[in-house]
Protein chains: 2
Amino acid sequence: MFFGEYSYKVDEKGRVPLPPKFRRELKEGVILAKGMGEKCIAIYSIAEWKRLSDSLAAKAVTPANLRKLNRAIFGSAFSASFDGQGRITLPYSLREHAGIADTAIVVGANNRIELWSEDQWKPEKTSAEEQASQIIESFGV
Amino acid sequence: MFFGEYSYKVDEKGRVPLPPKFRRELKEGVILAKGMGEKCIAIYSIAEWKRLSDSLAAKAVTPANLRKLNRAIFGSAFSASFDGQGRITLPYSLREHAGIADTAIVVGANNRIELWSEDQWKPEKTSAEEQASQIIESFGV
DNA sequence: CCCCAATTCCCCACTTTTCCCCACAATCCT
DNA sequence: AGGATTGTGGGGAAAAGTGGGGAATTGGGG
């Protein structure tokens with residue numbers, strides 16, 4: 001389970017550290033993927049990635065459908081592992097998709113870690129918090 | 001279950017003690033979160049946090065909705081544990097959100113502990129007491 | 001086929017922050 | 001009154017954040 005919000009520098013080589021608490025759950029490496037629907041990078045543990053892609057594949061009804069799905073899912077996914085300093089290297093295509101230049105906001109989101117550019121994260125954060133407090137108000141959690 | 005109101009110093013490192021009575025229920029550590037809607041820090045036991053986040057996540061209707069909700073819930077949460085002196089360290093972002101500088105008011109609120117700055121707490125306290133007495137009146141407890 | 005350039009990967013180094021331990025004064029309980 | 005617990009402060013060791021260098025690898029061009 002991942003939580004918390006952190007800010008890290010991305011160096012010229014596209015390397016970014018993850019919080020130590022996250023690393024401890026990800027010793028065997030990670031899968032990087034485009035954030036589906038959002039302009040961010042999604043990071044999964046290997047196990048979680050398998051679970052996700054399996055459950056997605058099970059939903060494909062026709063073979064053509066499945067091939068297309070596989071292309072979308074696996075085509076934008078990369079595996080990565082940590083260097084001695086606890087950093088992973090972000091492929092250029094993903095950095096570009098998320099608009100990440102020299103600073104990355106690392107957000108724990110339960111079963112997933114997300115990387116955002118500062119500019120994209122600010123509005124997303126406020127709108128997410130608005131939605132959450134609306135739900136709290138109306139359902140009285 | 002948490003009761004009472006206490007006042008503690010927050011030192012330069014952002015550490016704050018919790019009342020011994022609270023600590024005894026929280027030996028396995030705590031989850032710190034933003035008080036949604038209020039300018040305070042909310043503290044939960046691990047078990048209570050899981051219960052809350054699960055019941056919130058259950059309210060999401062679409063996958064995009066759930067992703068956003070997870071961002072708000074998990075993104076603003078941090079885990080913390082006690083040092084040998086019974087203190088926890090408050091992340092800077094949470095201290096800032098609550099406006100806590102060198103003094104924290106610790107308030108027991110049933111399933112939750114809240115940390116307030118002195119300035120924010122005073123008006124909140126009076127308005128909470130007013131509302132409480134109104135509610136009690138109208139329900140005739 | 002060989003060589004060179006560009007990239008990737010791994011290691012090293014430095015600075016800052018965090019974490020854990022120790023210390024002392026005040027308070028509470030017996 | 002005395003011992004144990006609690007509130008508060010600080011120091012030092014360890015870890016984390018950041019930056020860079022050089023060997024290994026890859027790909028393309030001569």
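Only this structure's heavy atoms are used, side chains among them; waters, hydrogens and symmetry mates stay out.
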Does [X] pair with [Y] as a salt bridge, N-O distance under 4.0 Å?
X	Y	answer
B:Lys122	B:Glu124	no
B:Arg71	A:Glu129	no
A:Asp54	A:Lys50	no
A:Glu38	B:Arg67	yes

Measure from [atom1] on [X] to [atom2] on [N] and round the result to the nearest Å.
X	N	atom1	atom2	answer
A:Phe82	D:dA16	CZ	P	12 Å
B:Tyr6	D:dT8	OH	P	14 Å
B:Lys9	D:dG10	NZ	P	11 Å
B:Asp11	D:dG11	CG	C1'	13 Å

Residue-phosphate contact under 4.0 Å: B:Tyr8 side-chain N/O, D:dT8 OP1/OP2: no
Least distance between heavy atoms, A:Ile41 atom then A:Ala98 atom: CG1-CB, 3.8 Å
Inter-end axis angle, the helix from C:dC1-D:dG30 to C:dT30-D:dA1, with every axis fitted to five base pairs (rounded, 10 degrees): 30°
Bounds of contact between DNA chain C and chain B, in 5' to 3' order, using a heavy-atom cut-off under 4.0 Å: C:dC19 to C:dA23
Strand-adjacent residues in residues 16-31 of chain B, judged by heavy atoms under 4.0 Å from DNA chain C: none
Nearest-nucleotide pick for A:Lys13, side chain only, options being D:dG20, D:dG9, D:dT18: D:dG20
Residues in ring-ring contact (aromatic ring centres under 6.0 Å, His included) contact with A:Phe78, at least two apart in sequence or another chain: none
Candidate list A:Ile43, A:Leu26, A:Asp83, test side-chain contact (heavy atoms from CB on, under 4.5 Å), partner A:Ile88, passing option: A:Ile43
Residues clustering with A:Leu52 (ILVMFWY side chains joined when closer than 4.5 Å, directly or via others): A:Ile31, A:Tyr44, A:Ile46, A:Trp49, A:Leu56, A:Leu69, A:Ile73, A:Phe74
Residues clustering with B:Ile105 (ILVMFWY side chains joined when closer than 4.5 Å, directly or via others): B:Val107, B:Trp116, B:Trp121
Check: B:Leu18 main-chain N/O paired with B:Arg23 side-chain donor or acceptor under 3.5 Å: yes
Side chain B:Glu25, main chain B:Met1, donor-acceptor under 3.5 Å: yes
Residue whose nearest DNA chain D nucleotide is more 5′ - B:Gln85 or A:Arg15: B:Gln85
